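Shown next, in structure tokens, is the structure this report addresses.
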Amino acid sequence: MNETSQTAVSPIKRRLLQATFFILLAIFVGLVGLFVRYLRQPAPLPQLIVPQADIVYPPHYLFSIYGAQGPVGVAVSPDGERIYAAESTGERLVQVFNRDGQWMGALIPPRTRSGERAPVYVATDENGSIFVTDRLQSGIYVFNESGAYLDTLLDPELSLSEYVAQHTGGQLSGGSFSYNVFQTNVIYQETAVSTEQLLAAPAASWAPLGIRIGSEGQVWVTDVAESRNCVRTFTLPDDPLLTTWHEANNGGTALGDSGTGPGQFAFPNAAMADSQGRLYVSDGNNGRISVWDAQGDFLFNFGSGNKEDALSLPRGLIIDAQDRLYVVDAVAQNIRVFDVSGDEPVDLFTLGSFGQDDGLFNYPNDIAIDASGRLYIADRENNRIQVWSY
């Protein structure tokens with residue numbers, strides 16, 4: 001009797017084991033597929049599982065990166081492995097951290113002291129070069145992905161390498177050069193053992209503040225020169241040394257001017273385009289976002305007014321691959337997120353509020369996002385970069 005029962009039960013157990021095996025195999029294959037998909041095109045997990053679903057949910061706080069004094073600008077390398085934080089106090093450098101928050105070094109403009117530099121916003125291009133706006137130097141420093149100094153944009157029509165080449169008889173073939181607005185000369189040295197040459201210093205003609213770089217090499221710079229607040233659009237030349245900057249841009253194009261009316265700015269901080277080519281500008285002292293079409297014509301403003309949800313002091317902004325616009329509001333102590341995929345922006349959610357604890361802000365100023373959906377937020381008065389993720 002017992003042998004018959006055991007013989008009858010055995011096939012059932014076998015089928016259960018087979019079913020369990022195939023279920024586990026299907027789960028394993030699915031996980032491998034998600035992993036491969038993530039490697040090919042990083043994205044938040046829910047979007048990998050249901051890529052076409054209309055999912056609206058806020059990201060959550062992960063951890064904070066410490067080691068930058070009063071960070072006001074933040075950027076991330078194309079591969080997501082390096083985080084750059086521009087300091088407003090201390091040594092006023094751009095501190096570099098890895099993805100886990102460990103310090104890796106700093107970007108140091110040549111021949112400058114801490115009181116002679118004031119880095120604000122940071123951006124990276126697809127090759128990993130780092131662009132840093134400096135309020136005191138009235139220029140944009142450029143470093144390579146290893147942190148070595150490359151060049152400086154002196155004004156909308158001129159790079160330092162172009163200027164040196166013009167005054168040394170042709171294209172640069174090596175050597176080093178530097179410029180400090182508080183000194184009277186450009187210093188150029190052809191080789192490590194040659195004598196330094198002093199060139200007359202060029203006059204600054206702009207006041208770059210915010211910088212963003214698009215996937216196709218578009219560069220948007222907010223210019224807060226007193227005579228004309230505007231947004232300038234450029235195209236990156238092929239040469240990492242910007243010796244063909246003027247040739248590639250001829251001064252670029254400029255949108256807007258100073259004021260409070262439509263199409264005018266009061267200390268614009270950042271500008272970036274959505275997937276339709278519309279440009280969004282954080283019009284800081286006007287307390288609003290200014291929107292322009294792909295042809296450079298003003299469309300509308302939003303976020304201003306006396307309502308409870310109005311923007312107070314918008315500073316850094318970024319737009320992700322889903323056309324979500326993230327706006328850092330320094331006075332409201334939060335991050336406002338809008339869906340800008342349609343004709344008008346839709347308010348999605350707000351991240352954070354005032355405080356010193358995890359996930360709270362004390363005068364935030366800038367934001368960056370990597371390909372996996374990780375957010376990096378410059379939390380200035382808390383002396384940290386906050387990391388959030390979907």
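One is the number of the first residue; the rest follow in order along the sequence. These values consider heavy atoms only, across backbone and side chains, with no hydrogens, waters or symmetry-generated copies. Given the structure is predicted, the values throughout are model-derived calculations rather than measurements.
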Applying side-chain contact (heavy atoms from CB on, under 4.5 Å), can you list everything that pairs with [X], at least two apart in sequence or on another chain?
X	value
Thr350	Asn334, Arg336
Asn365	Val72, Tyr121, Arg315
Thr260	Asn286
Leu136	Arg92, Ala118, Asp134, Phe182

Heavy-atom side-chain contact between [X] and [Y] under 4.5 Å:
X	Y	result
Pro345	Phe300	yes
Val221	Leu153	no
Glu162	Val164	no
Thr235	Asn249	yes
Thr124	Pro78	yes
Phe234	Pro156	yes
Leu313	Tyr363	yes

Would you compute the distance between atom [atom1] of [X] and atom [atom2] of [Y] and round it to the nearest 0.5 angstrom?
X	Y	atom1	atom2	result
Asp309	Asp347	CG	CG	6.0 Å
Tyr61	Trp388	OH	CH2	9.0 Å
Asp357	Asn382	CG	CG	9.0 Å
Tyr188	Ser176	OH	OG	8.0 Å
Leu351	Ile367	CG	CD1	7.0 Å

Self-check item: Derivation and outcome, side chain to side chain contact (heavy atoms under 4.5 Å, CB included), residues Glu91 and Ser114
Solution: CA-CA 5 Å; Glu91 288 298 308; Ser114 60; 4.1 Å; yes
Sort and list the pairs that fulfil salt bridge (charged side-chain N to carboxylate O under 4.0 Å, His left out) and have at least one residue in [range], not counting sequence neighbours.
range	value
residues 249-278	Asp274-Arg278
residues 282-305	Asp283-Arg288
residues 207-220	Arg212-Asp366
residues 374-388	Asp379-Arg384

What's the shortest heavy-atom distance between [X] and [Y], and which atoms?
X	Y	answer
Asp155	Trp245	O-NE1, 4.2 Å
Leu375	Pro59	CD1-CG, 3.7 Å
Pro240	Leu150	O-CD1, 4.1 Å
Asp151	Ser161	OD2-OG, 2.5 Å
Phe97	Ala68	CZ-N, 4.0 Å
Pro71	Ala85	CB-CB, 4.4 Å

Practice problem: Taking ring-ring contact (aromatic ring centres under 6.0 Å, His included) as the test, write out the residues that go with Phe298, two or more places apart. | Solution: Trp292
Quiz prompt | Test ring-ring contact (aromatic ring centres under 6.0 Å, His included) applied to Phe302 - qualifying residues, sequence neighbours left out | solution = Phe338
Quiz item: For the hydrophobic clusters of this structure (ILVMFWY residues joined by side-chain heavy atoms under 4.5 Å, transitively), does one cluster hold both Ile369 and Val76?
Solution: no
Quiz item: Do Val327 and Val346 belong to the same hydrophobic cluster, where Ile, Leu, Val, Met, Phe, Trp and Tyr are linked whenever their side-chain heavy atoms lie under 4.5 Å apart, directly or via other members?
Solution: no
Check: [X] side chain, [Y] main-chain N or O, donor-acceptor pair, under 3.5 Å:
X	Y	value
Tyr179	Pro202	yes
Trp206	Ser138	yes
Glu247	Thr244	no

Quiz item: Should Leu209 and Phe267 be marked as a side chain to side chain contact (heavy atoms under 4.5 Å, CB included) after you check the CA-CA gap, both sets of side-chain angles, and the distance that decides it?
Solution: CA-CA 9 Å; Leu209 179 63; Phe267 217 75; 3.6 Å; yes
Quiz prompt | Which residues share a salt bridge (charged side-chain N to carboxylate O under 4.0 Å, His left out) with Asp370, sequence neighbours left out | solution = Arg99
Practice problem: Quick one: name the residues clustered hydrophobically with Leu360, using the 4.5 Å side-chain heavy-atom rule over I, L, V, M, F, W, Y, and just say none if it's on its own. | Solution: none
Quiz item: Around Gln183, counting heavy atoms of other residues, nucleotides and ligands shown, do more than 12 lie under 6.0 Å from its CD?
Solution: yes
